[in-house]
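Here is the structure we will look at, set down as structure tokens.
To find a chain, count down the sequence lines: A is the first, B the second, and so on, and within it residues start at 1. In this text, all values refer to a predicted model and were calculated from it rather than measured experimentally.
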There are 2 protein chains.
Amino acid sequence: MSDASSFRLGDLQLRIMRVLWRCGPLGVAEVRERLDGDDLAYTTVATMLRKMEDRGLVGHETLDRRFIYHAAVDERDVTRSMADDLVDRLFEGSLAQAVSHLLQTREVDEDELAELERLIRKRKSKTAHK
Amino acid sequence: MSDASSFRLGDLQLRIMRVLWRCGPLGVAEVRERLDGDDLAYTTVATMLRKMEDRGLVGHETLDRRFIYHAAVDERDVTRSMADDLVDRLFEGSLAQAVSHLLQTREVDEDELAELERLIRKRKSKTAHK
DNA sequence: CATGTTCAACTACCGCGGTAATACTACCGG
DNA sequence: CCGGTAGTATTACCGCGGTAGTTGAACATG
């Protein structure tokens, strides 16, 4: 399970997954109303969910004639996969290059910088006793 | 020029752009032979280039009856746009969260960690006298 | 001049994300 | 029993990335 497949989710798909990850198993209507932004047609969400089920991203059980959908892939797996994908595509797999670019082109406040330093130190200690 | 549009390039498009960015203006055949990996049909590359020209990603001049294509968008703009896009989509815009995730899920050697530390220190000094 | 070569132009097709209308089905209330 | 309501199933359509065959025009060359 959780084969290292490369997930490449579209915008709506990602938003739907987020809803399911955050709010647990939900019916179509519940998913729909929890999607922020533009109000999509009920059938749009239903169709998308079915397509996503075909791809194994979600699953469903029938309860009282309604479909209750749940996420079938792990959030971390998807996130990692998509992030790795981009790092590979844009920065030839170099994490340092990616971070460097982000640091140079984005607004980064001091809190965030401090947080990053903390993360790196933590990571460093972890690598040490390898 | 360089409006802050969100570039979302496909795989082949990105590979083509990289060729044009690295090797300067080129004819279709030159672009094609510089694309690593799978050998695409000549017409595939030509078609893609035309589609990309429609979108303003590249431009061309005619020289000796041949089309010489050149990149019409800046590499940094595209890279930033795509990277920002993903950080927004996956990490709600939080750079720290993004980097944190990358650090936790990827193999990172010590050299890279050191490089990251260096980058952050550099960035810190830059923010200081702002 | 005829012919082959080298392009660009045009056309087509697939898959998929996204969006949705329409059709069907089952249940619920009177 | 019958009509509304809620929900799924079916079908359709657009845009775009990707892939490529076919056509047509111009040029080189014997």
Side-chain angles (χ1 to χ4, degrees), chain A residues 5-20 25-70 73 78 81-82 85-86 89-90, chain B residues 5-20 25-70 73 78 81-82 85-86 89-90:
Chain A
S5 18
S6 188
F7 300 109
R8 218 177 270 191
L9 305 204
D11 220 36
L12 177 59
Q13 299 186 343
L14 201 59
R15 275 160 63 210
I16 288 178
M17 288 311 295
R18 221 189 304 278
V19 169
L20 290 179
L26 293 172
V28 177
E30 284 75 36
V31 171
R32 171 169 178 271
E33 72 197 15
R34 277 174 179 75
L35 288 172
D36 24 61
D38 40 304
D39 253 22
L40 295 171
Y42 180 95
T43 49
T44 299
V45 181
T47 305
M48 203 63 230
L49 278 166
R50 209 153 353 88
K51 287 187 178 184
M52 289 168 73
E53 185 163 30
D54 290 344
R55 283 186 50 198
L57 296 173
V58 302
H60 84 272
E61 284 93 42
T62 308
L63 177 97
D64 242 354
R65 290 292 155 202
R66 293 172 63 226
F67 279 14
I68 308 297
Y69 284 95
H70 59 266
V73 290
V78 172
S81 165
M82 291 183 67
D85 201 51
L86 202 82
R89 279 156 54 85
L90 282 186
Chain B
S5 17
S6 187
F7 300 109
R8 218 177 270 190
L9 305 204
D11 220 36
L12 177 59
Q13 299 186 342
L14 202 59
R15 275 160 63 211
I16 289 178
M17 288 311 295
R18 221 189 304 279
V19 169
L20 291 178
L26 294 172
V28 177
E30 284 75 35
V31 171
R32 171 170 178 272
E33 73 197 14
R34 277 174 179 75
L35 288 172
D36 25 62
D38 40 304
D39 252 21
L40 296 172
Y42 179 95
T43 49
T44 299
V45 180
T47 304
M48 203 63 229
L49 279 166
R50 208 154 355 87
K51 288 187 177 184
M52 289 167 75
E53 184 163 30
D54 290 344
R55 284 186 50 197
L57 296 172
V58 302
H60 83 272
E61 284 92 42
T62 308
L63 178 97
D64 242 353
R65 290 291 154 203
R66 293 174 61 228
F67 278 14
I68 308 297
Y69 284 95
H70 59 267
V73 289
V78 172
S81 165
M82 291 183 67
D85 201 51
L86 201 82
R89 278 156 54 86
L90 282 187

Whole-Å distance separating the CG atom of A:D38 from the P atom of C:dG18:
11 Å
For A:Y42, answer base if it contacts any base atom (sugar-phosphate contacts may also be present), sugar-phosphate if it contacts only those atoms, and nothing otherwise; contact means non-hydrogen atoms under 4.0 Å.
base
Those residues at least two apart in sequence (or on a different chain) that pass salt bridge (charged side-chain N to carboxylate O under 4.0 Å, His left out) with A:R15 are A:D38
Separation between OG of A:S81 and CG of A:L9, rounded to the nearest 0.5 Å
8.0 Å
Only counting residues at least two apart or in another chain, list the ones meeting salt bridge (charged side-chain N to carboxylate O under 4.0 Å, His left out) with A:R8.
A:D85
Roughly how far apart are A:R34 CZ and A:I16 CD1, rounded to 0.5 Å?
13.5 Å
Salt bridge (charged side-chain N to carboxylate O under 4.0 Å, His left out) filter on B:R89, not counting sequence neighbours, yields A:D11
Please tabulate, for side-chain N and O atoms in residues 40-49 of chain A, each donor-acceptor pair with protein atoms closer than 3.5 Å (sequence neighbours left out).
| residue | atom | partner | partner atom | Å |
| --- | --- | --- | --- | --- |
| A:T47 | OG1 | A:T43 | O | 2.6 |

Between P on D:dT8 and CG on A:L26, what's the gap in Å once rounded to a whole number?
13 Å
Any residue in residues 54-63 of chain B with a heavy atom nearer than 4.0 angstrom to DNA chain C? Just list them by number, or reply none.
none
To the nearest Å, how far apart are A:K51 NZ and C:dG15 P?
13 Å
Quick one: B:L14 CG to D:dG18 C1', roughly how many Å, whole number?
14 Å
Between D:dG7 atom P and A:L49 atom CG, what is the distance in whole Å?
14 Å
What bend angle does the helix from C:dC1-D:dG30 to C:dG30-D:dC1 show across its length, from five-pair end axes and to the nearest 10 degrees?
30°
B:L12 side-chain proximity, nearest of C:dA8, D:dG18, C:dG18
D:dG18
List the steps and the verdict of side-chain contact (heavy atoms from CB on, under 4.5 Å) for B:I68 and B:T62.
CA-CA 6 Å; B:I68 308 297; B:T62 308; over 6 Å; no
One should read off an interatomic distance between B:R32 CZ and B:L26 CG, to the nearest 0.5 angstrom, of 14.0 Å
Please tabulate, one pair per line, each protein N/O and nucleotide N/O from nucleotides 21-30 of chain C that are separated by under 3.5 Å, including the distance.
| residue | atom | partner | partner atom | Å |
| --- | --- | --- | --- | --- |
| C:dA21 | N7 | A:T43 | OG1 | 3.4 |

Write down the distance between CG (B:D39) and C1' (D:dG18), rounded to a whole number of angstrom.
16 Å
The side-chain hydrogen bond (donor to acceptor under 3.5 Å, both in side chains) partners of A:E53 (sequence neighbours excluded) come to A:H60
Any idea which of D:dA9, C:dT19, D:dT19 is nearest the A:R50 side chain?
D:dA9
Salt bridge (charged side-chain N to carboxylate O under 4.0 Å, His left out) partners for B:R66, two or more places apart
B:E30
Measure across A:L57 and A:F7 and return the closest heavy-atom pair with its distance rounded to 0.1 Å.
CD2-CD2, 4.0 Å
What is the nucleic acid contact for A:L9, judged by heavy atoms within less than 4.0 Å: base, sugar-phosphate only, or nothing?
nothing
Apply side-chain hydrogen bond (donor to acceptor under 3.5 Å, both in side chains) to B:R65 and list each qualifying residue two or more places apart in sequence or on a separate chain.
none
Atom-to-atom span, CZ of A:R66 to P of D:dT8 - whole angstrom
7 Å
Please state how far atom CZ in A:R8 lies from atom P in C:dC16, giving the value in whole angstrom units.
13 Å
